[in-house]
Amino acid sequence: MNFFKKPYHIRRYLQPQNVKGYISIPYTEKTLPMDVQTLEDDVITTPDGSRSVQRLKVFCDQEILVEGQEAQQKADRLWYQGKWFECRSSRLSENTPLRHWTATFVECLDAESGPAGGGG
């Protein structure tokens, strides 16, 4: 069901690779139709002081990945309003015929470059 979905960029990280003694985490980027909703901000404390970070709730027909140590999986990232957001939770909702993934994302504090294809 695509009533409220728009295309958004997702950065999916692959398995870590050892390249000449350095660990590298390659990634792929794709565009998925998603319904993105803003939630309340969280206040976090860093060595530089307190900062407000935005949280999102996302509905998608395709799986969104969270970080997993066993599988050496880094969490998916979503490009939204010029910032990256990292997936913190993701679950499959099969309680209606509109089977979909529900995920929460938190604004990233690092300054990683935007998607290769531009904004979104």
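- The distance from atom CD of E67 to atom OG of S89, rounded to the nearest 0.5 Å, is 13.5 Å.
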message: Before you tell me yes or no, could you show the steps for Q37 and D35 under side-chain contact (heavy atoms from CB on, under 4.5 Å), namely the whole-Å CA-CA distance, both residues' side-chain angles and the distance that decides it to 0.1 Å?
response: CA-CA 7 Å; Q37 301 174 7; D35 176 12; 3.2 Å; yes
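- Contact record, F85 with C108: C-SG, 3.9 Å, taken as the closest heavy-atom pair.
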- request: Run the numbers on L56 and L39 for side-chain contact (heavy atoms from CB on, under 4.5 Å), then give the verdict.
  value: CA-CA 5 Å; L56 305 172; L39 298 173; 5.9 Å; no
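- Residues I10 and W79 are not in side-chain contact: their nearest non-hydrogen atoms beyond the backbone lie 4.5 Å or more apart.
- Through direct or indirect side-chain contacts shorter than 4.5 Å among Ile, Leu, Val, Met, Phe, Trp and Tyr, F59 is connected to no other residue.
- Side chain of E107 to backbone of Q54: a donor-acceptor contact under 3.5 angstrom is found.
- To the nearest 0.5 Å, atom OG1 of residue T28 and atom NZ of residue K30 are 6.0 Å apart.
- The cluster map of Ile, Leu, Val, Met, Phe, Trp and Tyr, joined by side-chain heavy atoms under 4.5 Å apart, puts V58 and L32 in the same cluster.
- Smallest separation of non-hydrogen atoms from P33 and K5: O-CD, 3.8 Å.
- Minimum heavy-atom separation, V36 to Y80: CG1-CE1, 3.6 Å.
- Electrostatic pairing of R77 and E86 counts as a salt bridge here, judged by a charged N lying under 4.0 Å from a carboxylate O.
- The salt bridge (Lys or Arg N to Asp or Glu O under 4.0 Å) search around R12 returns D76, not counting sequence neighbours.
- Judged by distance alone, the side chain of T31 and the main-chain N or O of P7 form no donor-acceptor pair under 3.5 Å.
- The shortest heavy-atom contact between C87 and A103 is SG-CB, 4.1 Å.
- Residue Q73 comes nearest to V66 through the heavy atom pair CG-O, 3.7 Å, listed as atom of the first residue, atom of the second, then distance.
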message: Is there a side-chain contact (heavy atoms from CB on, under 4.5 Å) between L78 and M34? Walk through the geometry before answering.
response: CA-CA 10 Å; L78 166 68; M34 293 185 261; 3.6 Å; yes
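- Apart from Y27 itself, the hydrophobic cluster it occupies contains Y13, I25, where clustering links Ile, Leu, Val, Met, Phe, Trp and Tyr at side-chain heavy-atom distances under 4.5 Å.
- Residues H9 and W84 approach most closely at O-CZ3, 4.4 Å, considering heavy atoms.
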